[in-house]
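Each remark here refers to the structure printed beneath this line.
What's counted below: heavy atoms across the whole structure, side chains too, no hydrogens, waters or symmetry copies.
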Amino acid sequence: MRDLKHLIFFEKLLQEANNDLVKQAKNEGKRALGYTCYFMPEVLLDLPGCFSVRLRAPRCTSPDMATYYMSSRTCHYGRSLMERALEGGFNFLDAQMATETCTVTCRFQEHLQQKKIDSVADMDIIQNDDFFCEFIDVPFKKTENSFEHYRKQLQVHVLDKLSEHFNIDVSDDALLQAIAEHNEVCRLITEIGSYRKLDNPTITGYEFHVIQLVSQCCPKYLILPYLRETAEELKTREPDAKPGYRCKLVVAGAENDDPDFTSLIESCGARVVADRYCYGSFPGREEIAVSEGQSPLDAISRHYLTTCQCARFMPQDAMRERKQYLADLVKEYKADGIIVISNKFCEYWSYERTIDAIVLPRDFHIPTCSIEKEYFNSASGQLRTRFQAFIESVEIKKIQEANK
């Protein structure tokens, strides 16, 4: 297929958290607000005067300094973020809008927070005099009480703090403006991702992964023109005459912000057609609907808590809902199997991955490959062997079903 016009530019943006578009927005006087989790609504961090940056640690290979503070028994994702912070890679942040969800990222964010207590020495990791860190408490259920609690947390710990520290406009009109911009990003990403549904997709999983990540890691108003051009470009992009893959797969699971991981899967003979993992577009790129008479904040809080597919929700109905969600993605995107991933030492997703590896083949008859990996691809040879074997088994199953 013809190369996408902006792909090299997008790849360059992902090389550093403080990329060229982030620097441009900062030079324009905008406030950079970091976050790590879907439970922190990015739309609230994209209010006029500020912009969201979902934190990553690209090219981090050895989090030795972070291990000293966080131990070797915590996942590499949290340690890699901490390592990048210690290296000065997040000094551009004006605030870290934190969530008490994953234990490891919670520890990482607590290290960033200035304690200002006589008995505790501040580490002063973020070299920015304006920097502050704020936490929200996130419910474990999706009840009416949960919605109310979540909405109040977002009001007190996000909107009120942005207004107090940076004089950000947090009125309903400002929220509606942010929602409109967010929804345009969602429409474009959804349109771009829809080409993966084709019998012969006109976009690779790697390309989509890159595009989805830049939509999370760059100021929305600056990345939008490039997303619009890319969506227009894909309308006329022709697929390869002969598909360069042997099966289609859904990738699901924990934090996966490394497009090279998707590229590794595809180099083994698959095409990744859906991304239900942290940093993926399922969920994350659904438009936020505001009903007549409903406050924008209520719409935002209900949207994020309702759509979230996090393994943190452990009631049986929520767990069954997540399995059905994956099965529906397999059907909608005409996939032949699923790869479920978790990062080493990740408590929530290790349980989820184990359950998925049993339930998806047994109850939904979906071939499933269960992978525990590091944040970075240090064992790419072993992963390649696993993926090649799985793809071959899926291909054999397809041939057998076709011959029945």
Checklist entry - Do Lys141 and Met314 come close enough that some side-chain heavy atom pair is under 4.5 Å? => result no
Checklist entry - Would Arg271 and Glu266 satisfy salt bridge (charged side-chain N to carboxylate O under 4.0 Å, His left out), going step by step from the backbone distance to the final call? => result CA-CA 5 Å; Arg271 177 61 52 86; Glu266 296 194 317; 3.6 Å; yes
Checklist entry - Which is it for Asp20 and Lys12 under the side chain to side chain contact (heavy atoms under 4.5 Å, CB included) test, yes or no, and what are the steps along the way? => result CA-CA 9 Å; Asp20 288 346; Lys12 182 182 177 183; 3.6 Å; yes
Checklist entry - How about Thr204 and Met1: do any of their side-chain heavy atoms sit closer than 4.5 Å? => result yes
Next on the checklist: Run Arg151 and Ser301 through side chain to side chain donor-acceptor pair (under 3.5 Å) and show every step you take.
Outcome noted: CA-CA 5 Å; Arg151 186 188 65 78; Ser301 59; 5.6 Å; no
Next on the checklist: If you count heavy atoms of other groups shown closer than 6.0 angstrom to CG of Asn403, is the number above 12?
Outcome noted: yes
Item to check | Test ring-ring contact (aromatic ring centres under 6.0 Å, His included) applied to His165 and Phe131, step by step | outcome: CA-CA 9 Å; His165 283 268; Phe131 179 81; 10.0 Å; no
Next on the checklist: The test is salt bridge (charged side-chain N to carboxylate O under 4.0 Å, His left out); show your working for Lys323 and Glu352 and say whether it passes.
Outcome noted: CA-CA 10 Å; Lys323 314 312 172 207; Glu352 187 77 359; 2.7 Å; yes
Item to check | Flag if over 12 foreign heavy atoms under 6.0 Å of CZ, Phe140 | outcome: yes
Next on the checklist: Just so I know, are the side chains of Lys248 and Pro201 near enough to count as touching, which here means a heavy-atom distance under 4.5 Å?
Outcome noted: yes
Checklist entry - Any idea how Phe282 and Tyr325 line up, ring-wise: parallel (<30°), tilted (30 to 60°), or perpendicular (>60°)? => result perpendicular
Checklist entry - Cation-pi between Arg312 and Phe39: NZ/CZ under 6.0 Å from ring centre and within 45° of the ring axis? => result yes
Checklist entry - Can Arg79 be said to sit on top of Phe108's aromatic six-ring, NZ or CZ under 6.0 Å from centre and within 45° of the ring axis? => result no
Checklist entry - In terms of heavy-atom contacts, does NZ of Lys142 have more than 12 from other residues, nucleotides or ligands at under 6.0 Å? => result yes
Checklist entry - Do we get Arg322 above Phe313's six-membered ring, with its NZ or CZ under 6.0 Å from the centre and within 45° of the axis? => result no
Checklist entry - Within a strict 4.5 Å, meaning less than it, do heavy atoms of the Tyr277 and Val340 side chains meet? => result no
Checklist entry - Are any of the side-chain heavy atoms of Leu213 and Pro259 separated by less than 4.5 Å? => result yes
Next on the checklist: Under 6.0 Å from the ring centre and within 45 degrees of the ring axis: does the NZ or CZ of Arg302 meet both conditions for the six-membered ring of Phe147?
Outcome noted: yes
Checklist entry - Is any side-chain heavy atom of Thr354 less than 4.5 Å from a side-chain heavy atom of Ser370? => result no
Item to check | Heavy-atom neighbours of Phe9 CZ exceed 12 at 6.0 Å | outcome: yes
Checklist entry - Is the Lys NZ or Arg CZ of Lys26 less than 6.0 Å from the centre of Phe92's six-membered ring, within 45° of the axis? => result no
Checklist entry - Is the shortest side-chain N to carboxylate O distance from Arg84 to Glu87 below 4.0 Å? => result yes
Item to check | Contact check, side chains of Val170 and Leu44, non-hydrogen atoms, under 4.5 Å | outcome: no
Next on the checklist: Check whether Tyr333 forms a cation-pi arrangement with Lys197 (NZ or CZ under 6.0 Å from the six-membered ring centre, at most 45° off the ring normal).
Outcome noted: yes
Checklist entry - Do the numbers put Lys235 on top of the ring of Tyr195, so that NZ or CZ is under 6.0 Å from the six-membered ring centre and no more than 45° off the axis? => result no
Next on the checklist: For Arg362, is the CZ atom crowded, meaning more than 12 foreign heavy atoms sit under 6.0 Å from it?
Outcome noted: yes
Next on the checklist: Would Arg237 and Asp3 count as a salt bridge (charged side-chain N to carboxylate O under 4.0 Å, His left out) here? Give the steps.
Outcome noted: CA-CA 9 Å; Arg237 195 187 200 196; Asp3 290 341; 5.3 Å; no
Next on the checklist: When you compare the side chain of Lys242 with that of Asp240, does any pair of heavy atoms fall below 4.5 Å?
Outcome noted: no
Next on the checklist: Students often mix this up, so state it plainly: with edges at 30° and 60°, are the rings of His6 and Phe10 parallel, tilted or perpendicular?
Outcome noted: tilted
